[in-house]
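Residues: numbered from 1 along the sequence shown. Numbering of ligands and ligand atoms starts at 1, following listing order.
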Amino acid sequence: MTYTLYYSPGAASMAVHWMLIEAQIPFETRLVDIDTGAQHSAEYLRLNPAGRVPTLIVDGVPRHECAALLMLLAERHPAAGLAPVPGSSDRAEWLELMVFFANTVLPAMRDWFYADSDGDPAGAQAVQALATRRIEDAWDRLGALLADGRPYLVGGKLSTADFLAVMLMRWTRNMPRKATNRESLMPYISRLRALPSFIELNAREGLSDWSNPAS
Ligand SMILES: N[C@@H](CCC(=O)N[C@@H](CS)C(=O)NCC(=O)O)C(=O)O
């Protein structure tokens, strides 16, 4: 099995990059700097016609959509134990969360960050206001789940849902309402940010602006 991850630091590729590191899956990386528009190069558009990251080349075939990539990797690497196995009692909750992140939170994030360029700039404020409400609702939902003291989102174990959740929480760091301002989420965020794989991920992507304070 061979993998090449096309990524941009801190972008939707981050959860996939994190999983590859955590599961110790061999992979190569190629930087696509979205700040300089590299996602629009002819070479990259051949791999990803939407001009977005991530793209994961799986055994020579370009694959897209970060949530799908996480689920695919979990299926191809079951020994990593990063998803409840089919038929297990935690499977339904994991599926619910993965789909919730993919069909509700990721699009709301996209709307918040790209309201001007994806849509009509005249309506951008209203789009961002609705996106903010959806993002806040997501943190309410996750805060309620974590209220029972569970260390991770599903089944007491690290899973793909955590990679996605923490990446999304990180994206709020420069928003007026940050996930880190919520007491219901902070113990979870600190626990996940302390994982060696998260620290390694940040080092590899050259990121230092959303780490646990040095103790
Ligand atoms: N639905 C896609 C969204 C990917 C996406 O929007 N990626 C952003 C970065 S977080 C991107 O490529 N932005 C560059 C652009 O749209 O030009 C996924 O979940 O993988």
Show the distances, to 0.1 Å, for all pairs joining an N/O atom of ligand 1 and a protein N/O atom that are shorter than 3.5 Å, listing one pair per line.
unit_1   : atom_1 : unit_2 : atom_2 : d
ligand 1 : 1 (N)  : Glu65  : OE1    : 2.7
ligand 1 : 1 (N)  : Glu65  : OE2    : 3.4
ligand 1 : 6 (O)  : Arg110 : NH1    : 2.8
ligand 1 : 7 (N)  : Val53  : O      : 2.9
ligand 1 : 12 (O) : Val53  : N      : 2.8
ligand 1 : 13 (N) : Tyr114 : OH     : 2.7
ligand 1 : 16 (O) : Arg110 : NH1    : 2.9
ligand 1 : 16 (O) : Arg110 : NH2    : 3.0
ligand 1 : 17 (O) : Gln39  : NE2    : 2.8
ligand 1 : 19 (O) : Glu65  : OE1    : 3.4
ligand 1 : 20 (O) : Cys66  : N      : 3.0

Mind checking what makes side chain to side chain contact (heavy atoms under 4.5 Å, CB included) contact with Leu95, not counting sequence neighbours? Met71, Arg91
Under the rule for side chain to side chain contact (heavy atoms under 4.5 Å, CB included), what residues qualify as partners of Asp90, not counting sequence neighbours? Pro84, Val154
Do Arg52 and Tyr6 have side-chain atoms, one donor and one acceptor, less than 3.5 Å apart? no
Ring-face cation of Arg141 near Phe100 (centre distance under 6.0 Å, axis angle within 45°): yes
Donor-acceptor pairs under 3.5 angstrom involving side-chain atoms of residues 105-122: please list them, not counting sequence neighbours.
unit_1 : atom_1 : unit_2 : atom_2 : d
Arg110 : NE     : Asp118 : OD2    : 2.7
Arg110 : NH2    : Asp118 : OD1    : 3.0
Arg110 : NH2    : Asp118 : OD2    : 3.3
Trp112 : NE1    : Thr132 : OG1    : 3.3
Asp120 : OD1    : Ala122 : N      : 2.9

Please check this pair: side chain of Arg30 against backbone of Thr4, looking for a donor-acceptor N/O pair closer than 3.5 Å. no
